[in-house]
Protein chains: 2
Amino acid sequence: MIEQTFTIKQTAELTGLSEDTIRYYEKIKLLPPPDRKDNGHRVYRRKDIHTTKLISCLKKTGISLEAMKPFLKASGNPDPAEYIELTRTLKNHREQIVEQISSLQQLVDFIDVRLEDGFPSGEYSDQNPDDGAKPISVEEMSYFPQLRKRANRRIR
Amino acid sequence: MIEQTFTIKQTAELTGLSEDTIRYYEKIKLLPPPDRKDNGHRVYRRKDIHTTKLISCLKKTGISLEAMKPFLKASGNPDPAEYIELTRTLKNHREQIVEQISSLQQLVDFIDVRLEDGFPSGEYSDQNPDDGAKPISVEEMSYFPQLRKRANRRIR
DNA sequence: ATACATCTTGGAGCCGACTCCAAGTCAAAC
DNA sequence: GTTTGACTTGGAGTCGGCTCCAAGATGTAT
(Lines give C-alpha, C1' and ligand atoms only; values in the text may rest on other atoms or scores of the structure.)
Protein backbone atom coordinates (compact mmCIF):
# COMPACT_ATOMS: atom_id res chain seq x y z
CA MET A 1 0.00 0.00 0.00
CA ILE A 2 1.42 3.30 -1.14
CA GLU A 3 1.50 6.27 1.24
CA GLN A 4 -1.01 9.03 0.80
CA THR A 5 0.45 12.35 -0.36
CA PHE A 6 -0.83 15.92 -0.45
CA THR A 7 -0.26 19.03 -2.53
CA ILE A 8 0.62 22.29 -0.86
CA LYS A 9 -2.92 23.45 -1.46
CA GLN A 10 -4.37 20.45 0.33
CA THR A 11 -1.91 20.90 3.13
CA ALA A 12 -2.98 24.50 3.47
CA GLU A 13 -6.62 23.46 3.60
CA LEU A 14 -5.95 20.72 6.14
CA THR A 15 -3.97 22.94 8.46
CA GLY A 16 -5.69 26.29 8.08
CA LEU A 17 -2.47 27.98 7.01
CA SER A 18 -1.95 29.65 3.63
CA GLU A 19 0.29 28.20 0.96
CA ASP A 20 2.52 31.23 1.26
CA THR A 21 2.80 30.69 4.97
CA ILE A 22 3.75 27.06 4.54
CA ARG A 23 6.48 27.99 2.06
CA TYR A 24 7.60 30.69 4.45
CA TYR A 25 7.86 28.18 7.30
CA GLU A 26 9.97 26.01 5.06
CA LYS A 27 12.21 28.96 4.27
CA ILE A 28 12.86 29.72 7.92
CA LYS A 29 13.41 26.00 8.55
CA LEU A 30 10.42 25.52 10.75
CA LEU A 31 9.27 22.86 8.33
CA PRO A 32 11.69 20.42 6.66
CA PRO A 33 12.09 20.69 2.87
CA PRO A 34 9.54 18.24 1.47
CA ASP A 35 10.11 15.80 -1.36
CA ARG A 36 9.34 17.01 -4.86
CA LYS A 37 7.54 15.59 -7.84
CA ASP A 38 9.38 15.47 -11.15
CA ASN A 39 7.97 18.86 -12.02
CA GLY A 40 9.32 20.33 -8.80
CA HIS A 41 6.01 20.51 -6.97
CA ARG A 42 6.15 19.87 -3.24
CA VAL A 43 4.88 16.55 -1.94
CA TYR A 44 3.59 16.33 1.62
CA ARG A 45 2.95 13.16 3.59
CA ARG A 46 0.99 12.40 6.73
CA LYS A 47 4.00 13.11 8.85
CA ASP A 48 4.30 16.57 7.30
CA ILE A 49 0.62 17.28 7.76
CA HIS A 50 1.02 16.32 11.38
CA THR A 51 3.97 18.63 11.89
CA THR A 52 2.22 21.48 10.15
CA LYS A 53 -0.88 20.99 12.25
CA LEU A 54 1.28 21.03 15.33
CA ILE A 55 2.69 24.39 14.28
CA SER A 56 -0.78 25.69 13.62
CA CYS A 57 -1.77 24.63 17.14
CA LEU A 58 1.31 26.08 18.76
CA LYS A 59 0.53 29.34 17.03
CA LYS A 60 -2.75 29.55 18.89
CA THR A 61 -0.87 29.53 22.14
CA GLY A 62 0.88 32.69 21.03
CA ILE A 63 4.44 31.41 21.12
CA SER A 64 6.94 32.63 18.54
CA LEU A 65 7.99 30.55 15.56
CA GLU A 66 11.49 30.42 16.94
CA ALA A 67 10.26 29.09 20.28
CA MET A 68 8.37 26.33 18.49
CA LYS A 69 11.43 24.63 17.17
CA PRO A 70 12.14 22.71 20.40
CA PHE A 71 8.61 21.34 20.37
CA LEU A 72 8.95 20.19 16.81
CA LYS A 73 12.18 18.46 17.75
CA ALA A 74 10.58 16.89 20.81
CA SER A 75 7.77 15.58 18.67
CA GLY A 76 9.43 13.37 16.09
CA ASN A 77 13.03 12.31 15.84
CA PRO A 78 14.68 11.61 19.15
CA ASP A 79 18.29 12.51 18.40
CA PRO A 80 20.09 11.21 21.51
CA ALA A 81 22.89 13.73 21.12
CA GLU A 82 20.53 16.55 21.98
CA TYR A 83 18.45 14.92 24.68
CA ILE A 84 19.87 16.78 27.62
CA GLU A 85 19.75 20.16 25.96
CA LEU A 86 16.28 19.55 24.63
CA THR A 87 15.02 18.46 28.02
CA ARG A 88 16.38 21.63 29.54
CA THR A 89 14.79 23.82 26.89
CA LEU A 90 11.49 22.04 27.29
CA LYS A 91 11.47 22.50 31.05
CA ASN A 92 12.31 26.11 30.54
CA HIS A 93 9.46 26.62 28.13
CA ARG A 94 7.15 24.79 30.47
CA GLU A 95 7.85 27.30 33.20
CA GLN A 96 7.17 30.22 30.90
CA ILE A 97 3.92 28.71 29.73
CA VAL A 98 2.74 28.02 33.26
CA GLU A 99 3.46 31.63 34.09
CA GLN A 100 1.58 32.78 31.05
CA ILE A 101 -1.38 30.64 32.02
CA SER A 102 -1.55 32.23 35.42
CA SER A 103 -1.32 35.71 33.92
CA LEU A 104 -4.18 34.83 31.63
CA GLN A 105 -6.16 33.31 34.46
CA GLN A 106 -5.90 36.57 36.35
CA LEU A 107 -7.06 38.43 33.29
CA VAL A 108 -10.13 36.25 33.12
CA ASP A 109 -10.77 36.91 36.79
CA PHE A 110 -10.32 40.61 36.19
CA ILE A 111 -12.89 40.51 33.42
CA ASP A 112 -15.32 38.47 35.49
CA VAL A 113 -15.16 40.88 38.38
CA ARG A 114 -15.70 43.79 36.05
CA LEU A 115 -18.61 42.11 34.34
CA GLU A 116 -20.28 41.09 37.59
CA ASP A 117 -19.92 44.46 39.25
CA GLY A 118 -20.92 46.43 36.19
CA PHE A 119 -17.45 48.00 36.57
CA PRO A 120 -17.71 51.41 38.22
CA SER A 121 -14.08 50.70 39.12
CA GLY A 122 -12.66 50.67 42.65
CA GLU A 123 -10.17 53.31 41.51
CA TYR A 124 -6.58 54.05 42.48
CA SER A 125 -7.51 55.30 45.88
CA ASP A 126 -4.01 56.58 46.58
CA GLN A 127 -4.18 55.26 50.11
CA ASN A 128 -1.89 52.26 49.84
CA PRO A 129 1.64 53.13 50.95
CA ASP A 130 3.46 50.61 48.76
CA ASP A 131 5.41 51.25 45.53
CA GLY A 132 9.11 51.26 46.29
CA ALA A 133 11.49 52.22 43.51
CA LYS A 134 12.09 48.72 42.11
CA PRO A 135 11.19 47.63 38.60
CA ILE A 136 8.09 45.49 38.35
CA SER A 137 8.84 41.87 39.06
CA VAL A 138 7.41 38.85 37.35
CA GLU A 139 5.55 37.83 40.48
CA GLU A 140 4.12 41.29 40.90
CA MET A 141 1.90 40.39 37.99
CA SER A 142 -0.75 39.45 40.51
CA TYR A 143 -1.48 43.04 41.41
CA PHE A 144 -4.87 43.40 39.80
CA PRO A 145 -6.29 45.04 42.90
CA GLN A 146 -9.86 43.79 42.65
CA LEU A 147 -8.77 40.20 42.78
CA ARG A 148 -7.47 40.26 46.29
CA LYS A 149 -11.02 40.63 47.53
CA ARG A 150 -12.19 37.43 45.87
CA ALA A 151 -11.66 33.83 46.87
CA ASN A 152 -10.06 31.41 44.42
CA ARG A 153 -12.03 31.09 41.26
CA ARG A 154 -11.99 28.51 38.50
CA ILE A 155 -12.67 29.21 34.86
CA ARG A 156 -15.69 28.19 32.81
CA MET B 1 -1.03 66.97 50.89
CA ILE B 2 0.24 67.26 47.33
CA GLU B 3 0.11 64.26 45.00
CA GLN B 4 3.26 62.37 44.25
CA THR B 5 4.55 62.70 40.67
CA PHE B 6 7.05 60.78 38.56
CA THR B 7 9.36 61.51 35.63
CA ILE B 8 9.27 59.34 32.56
CA LYS B 9 12.47 57.69 33.73
CA GLN B 10 10.95 56.75 37.08
CA THR B 11 7.84 55.51 35.34
CA ALA B 12 9.98 53.35 33.11
CA GLU B 13 11.78 51.92 36.12
CA LEU B 14 8.56 51.29 38.00
CA THR B 15 6.86 49.52 35.13
CA GLY B 16 9.74 47.72 33.46
CA LEU B 17 9.06 49.42 30.14
CA SER B 18 11.54 51.69 28.34
CA GLU B 19 11.06 55.43 28.10
CA ASP B 20 10.81 55.08 24.35
CA THR B 21 8.11 52.48 24.75
CA ILE B 22 6.12 54.68 27.08
CA ARG B 23 6.28 57.57 24.61
CA TYR B 24 5.32 55.15 21.88
CA TYR B 25 2.26 54.02 23.83
CA GLU B 26 1.27 57.62 24.24
CA LYS B 27 1.64 58.17 20.51
CA ILE B 28 -0.66 55.29 19.65
CA LYS B 29 -3.11 56.49 22.31
CA LEU B 30 -2.71 53.50 24.55
CA LEU B 31 -1.70 55.92 27.29
CA PRO B 32 -3.37 59.31 27.76
CA PRO B 33 -1.21 62.40 27.17
CA PRO B 34 0.20 63.24 30.59
CA ASP B 35 0.45 66.71 32.10
CA ARG B 36 3.65 68.65 31.44
CA LYS B 37 5.96 70.71 33.52
CA ASP B 38 6.71 74.26 32.38
CA ASN B 39 9.73 72.99 30.52
CA GLY B 40 7.58 70.48 28.62
CA HIS B 41 8.70 67.41 30.55
CA ARG B 42 6.04 64.75 31.12
CA VAL B 43 4.55 64.41 34.59
CA TYR B 44 3.11 61.09 35.67
CA ARG B 45 0.88 60.43 38.69
CA ARG B 46 -0.12 57.29 40.57
CA LYS B 47 -3.05 56.77 38.26
CA ASP B 48 -0.70 56.80 35.27
CA ILE B 49 1.71 54.42 36.92
CA HIS B 50 -1.18 52.12 37.58
CA THR B 51 -2.36 52.21 33.97
CA THR B 52 1.13 51.68 32.68
CA LYS B 53 1.64 48.72 34.97
CA LEU B 54 -1.62 47.29 33.77
CA ILE B 55 -0.36 47.50 30.20
CA SER B 56 2.88 45.88 31.22
CA CYS B 57 0.91 43.04 32.78
CA LEU B 58 -1.41 42.64 29.84
CA LYS B 59 1.65 42.40 27.63
CA LYS B 60 2.76 39.29 29.46
CA THR B 61 -0.46 37.60 28.48
CA GLY B 62 0.50 38.09 24.86
CA ILE B 63 -2.44 40.19 23.77
CA SER B 64 -1.95 42.94 21.21
CA LEU B 65 -1.76 46.61 22.13
CA GLU B 66 -4.93 47.21 20.19
CA ALA B 67 -6.76 44.50 22.11
CA MET B 68 -5.71 46.08 25.39
CA LYS B 69 -7.70 49.23 24.88
CA PRO B 70 -10.99 47.72 26.11
CA PHE B 71 -9.29 46.62 29.32
CA LEU B 72 -7.89 50.05 29.91
CA LYS B 73 -11.34 51.45 29.43
CA ALA B 74 -12.87 48.88 31.77
CA SER B 75 -10.35 49.78 34.41
CA GLY B 76 -10.90 53.44 35.11
CA ASN B 77 -13.56 55.75 33.76
CA PRO B 78 -16.97 54.14 33.40
CA ASP B 79 -18.48 56.06 30.51
CA PRO B 80 -22.12 54.91 30.60
CA ALA B 81 -22.56 55.54 26.89
CA GLU B 82 -20.21 52.67 26.08
CA TYR B 83 -21.24 50.15 28.74
CA ILE B 84 -23.07 47.78 26.48
CA GLU B 85 -20.45 47.74 23.79
CA LEU B 86 -17.65 47.43 26.32
CA THR B 87 -19.37 44.54 28.07
CA ARG B 88 -19.72 42.75 24.77
CA THR B 89 -16.07 43.27 23.90
CA LEU B 90 -14.97 42.10 27.32
CA LYS B 91 -17.03 38.92 27.10
CA ASN B 92 -15.59 38.33 23.70
CA HIS B 93 -12.06 38.71 24.92
CA ARG B 94 -12.81 36.48 27.85
CA GLU B 95 -13.77 33.67 25.53
CA GLN B 96 -10.58 34.04 23.52
CA ILE B 97 -8.46 34.05 26.63
CA VAL B 98 -10.15 30.96 28.04
CA GLU B 99 -9.45 29.25 24.75
CA GLN B 100 -5.86 30.32 24.85
CA ILE B 101 -5.50 29.01 28.38
CA SER B 102 -6.73 25.62 27.36
CA SER B 103 -4.35 25.54 24.40
CA LEU B 104 -1.52 26.40 26.74
CA GLN B 105 -2.66 23.80 29.24
CA GLN B 106 -2.45 21.17 26.56
CA LEU B 107 1.01 22.34 25.67
CA VAL B 108 2.10 21.89 29.26
CA ASP B 109 0.61 18.42 29.26
CA PHE B 110 2.42 17.67 26.03
CA ILE B 111 5.69 18.73 27.54
CA ASP B 112 5.09 16.74 30.70
CA VAL B 113 4.36 13.59 28.80
CA ARG B 114 7.46 14.08 26.73
CA LEU B 115 9.60 14.73 29.75
CA GLU B 116 8.25 11.75 31.66
CA ASP B 117 8.57 9.32 28.82
CA GLY B 118 11.97 10.54 27.74
CA PHE B 119 10.26 11.26 24.43
CA PRO B 120 11.01 8.53 21.91
CA SER B 121 7.81 9.82 20.33
CA GLY B 122 4.69 7.74 19.71
CA GLU B 123 5.03 8.68 16.02
CA TYR B 124 2.50 9.26 13.29
CA SER B 125 1.58 5.62 13.00
CA ASP B 126 -0.49 6.24 9.89
CA GLN B 127 -3.18 3.91 11.15
CA ASN B 128 -5.85 6.39 12.18
CA PRO B 129 -8.46 6.78 9.46
CA ASP B 130 -9.44 10.35 10.26
CA ASP B 131 -8.44 13.55 8.40
CA GLY B 132 -11.29 14.74 6.29
CA ALA B 133 -10.68 17.67 3.96
CA LYS B 134 -11.78 20.45 6.29
CA PRO B 135 -9.51 23.18 7.59
CA ILE B 136 -8.43 22.69 11.18
CA SER B 137 -11.05 23.93 13.59
CA VAL B 138 -10.50 25.73 16.83
CA GLU B 139 -11.73 22.76 18.82
CA GLU B 140 -9.49 20.40 16.93
CA MET B 141 -6.67 22.00 18.89
CA SER B 142 -6.96 19.12 21.28
CA TYR B 143 -5.37 16.69 18.90
CA PHE B 144 -2.02 16.26 20.59
CA PRO B 145 -2.22 12.50 20.22
CA GLN B 146 -0.36 11.53 23.37
CA LEU B 147 -2.82 13.33 25.57
CA ARG B 148 -5.79 11.17 24.84
CA LYS B 149 -4.12 8.35 26.71
CA ARG B 150 -3.82 10.35 29.89
CA ALA B 151 -6.44 11.24 32.46
CA ASN B 152 -7.07 14.85 33.42
CA ARG B 153 -3.98 16.50 34.74
CA ARG B 154 -3.48 19.72 36.68
CA ILE B 155 -0.51 22.03 36.36
CA ARG B 156 2.30 22.65 38.83
C1' DA C 1 -3.02 24.58 -29.91
C1' DT C 2 -4.94 27.26 -26.65
C1' DA C 3 -6.85 28.04 -22.46
C1' DC C 4 -7.01 27.07 -17.55
C1' DA C 5 -5.28 25.62 -13.22
C1' DT C 6 -1.63 24.55 -10.24
C1' DC C 7 2.36 24.94 -9.03
C1' DT C 8 7.48 27.17 -8.83
C1' DT C 9 10.92 31.14 -7.45
C1' DG C 10 12.55 35.64 -5.96
C1' DG C 11 11.71 39.63 -4.20
C1' DA C 12 8.95 43.55 -2.60
C1' DG C 13 5.76 45.36 0.69
C1' DC C 14 3.21 45.59 5.01
C1' DC C 15 1.94 45.79 9.89
C1' DG C 16 2.89 45.70 14.78
C1' DA C 17 5.87 46.84 18.24
C1' DC C 18 9.40 48.68 19.26
C1' DT C 19 14.36 50.86 19.23
C1' DC C 20 17.69 54.12 17.99
C1' DC C 21 19.36 58.50 16.68
C1' DA C 22 20.13 63.50 15.92
C1' DA C 23 19.25 67.96 17.15
C1' DG C 24 17.51 70.84 20.40
C1' DT C 25 15.77 72.83 25.26
C1' DC C 26 16.39 73.57 29.98
C1' DA C 27 18.26 73.45 34.82
C1' DA C 28 21.68 72.76 38.07
C1' DA C 29 26.75 72.08 39.29
C1' DC C 30 31.24 73.40 38.90
C1' DG D 1 29.93 80.26 31.08
C1' DT D 2 30.42 75.77 29.87
C1' DT D 3 29.64 71.14 30.95
C1' DT D 4 26.50 67.49 32.47
C1' DG D 5 22.18 65.28 32.68
C1' DA D 6 17.37 64.65 31.96
C1' DC D 7 14.35 65.55 29.06
C1' DT D 8 11.94 66.94 24.24
C1' DT D 9 10.66 65.96 19.09
C1' DG D 10 10.60 63.79 14.53
C1' DG D 11 11.88 60.45 11.87
C1' DA D 12 14.45 56.41 10.40
C1' DG D 13 15.57 51.60 11.09
C1' DT D 14 14.70 46.73 12.73
C1' DC D 15 12.58 42.38 13.34
C1' DG D 16 9.02 38.93 13.17
C1' DG D 17 5.54 37.12 10.55
C1' DC D 18 3.46 37.09 7.00
C1' DT D 19 1.23 38.51 2.23
C1' DC D 20 1.31 39.74 -2.40
C1' DC D 21 3.11 40.10 -6.69
C1' DA D 22 5.37 38.81 -11.48
C1' DA D 23 7.32 35.67 -14.46
C1' DG D 24 7.75 31.13 -15.71
C1' DA D 25 7.16 25.81 -15.95
C1' DT D 26 4.01 22.04 -16.29
C1' DG D 27 -0.52 19.33 -16.61
C1' DT D 28 -5.35 18.54 -18.15
C1' DA D 29 -9.58 19.66 -20.65
C1' DT D 30 -11.65 21.26 -24.84
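Protein chains get the first letters and strands the later ones, always in sequence-line order, with residue 1 at the start of each. The figures here come from the full heavy-atom set of this structure, side chains too, leaving out hydrogens, waters and symmetry mates.
A:I22 has its CD1 atom 13 Å from the P atom of C:dT9, to the nearest Å. In this structure, B:K29 places its NZ atom 18 Å from C1' of C:dA17, rounding to the nearest Å. B:E19 has its CD atom 13 Å from the P atom of C:dT19, to the nearest Å. Rounded to an integer number of Å, the gap from CD1 of A:I8 to P of C:dT9 is 9 Å.
For A:D20 and A:H41, each mapped to the nucleotide of DNA chain C holding its nearest heavy atom, the one lying further toward the 5' end belongs to A:H41.
When the side-chain nitrogen and oxygen atoms of A:R42 are compared with OP1 and OP2 of C:dT9, one or more of them lie within a distance under 4.0 Å. OP1 or OP2 of C:dC18 sits under 4.0 Å from a side-chain N or O of B:Y25. Considering only side-chain N and O atoms, A:K9 lies nowhere under 4.0 angstrom from the phosphate OP1 or OP2 of C:dA5. Between A:T7 and the phosphate of C:dC7, there is a side-chain N or O to OP1/OP2 separation shorter than 4.0 Å.
A 4.0 Å heavy-atom criterion places the boundary nucleotides of DNA chain D facing chain B at D:dA6 to D:dT9, written 5' to 3'.
Every residue two or more places apart in sequence or in another chain was checked for a salt bridge (Lys or Arg N to Asp or Glu O under 4.0 Å) with A:K91, and none qualifies. Residues satisfying the salt bridge (Lys or Arg N to Asp or Glu O under 4.0 Å) test with A:E85, not counting sequence neighbours, are A:R88.
Side-chain contact, A:Q4 with A:R45: no donor N or O sits under 3.5 Å from an acceptor N or O.
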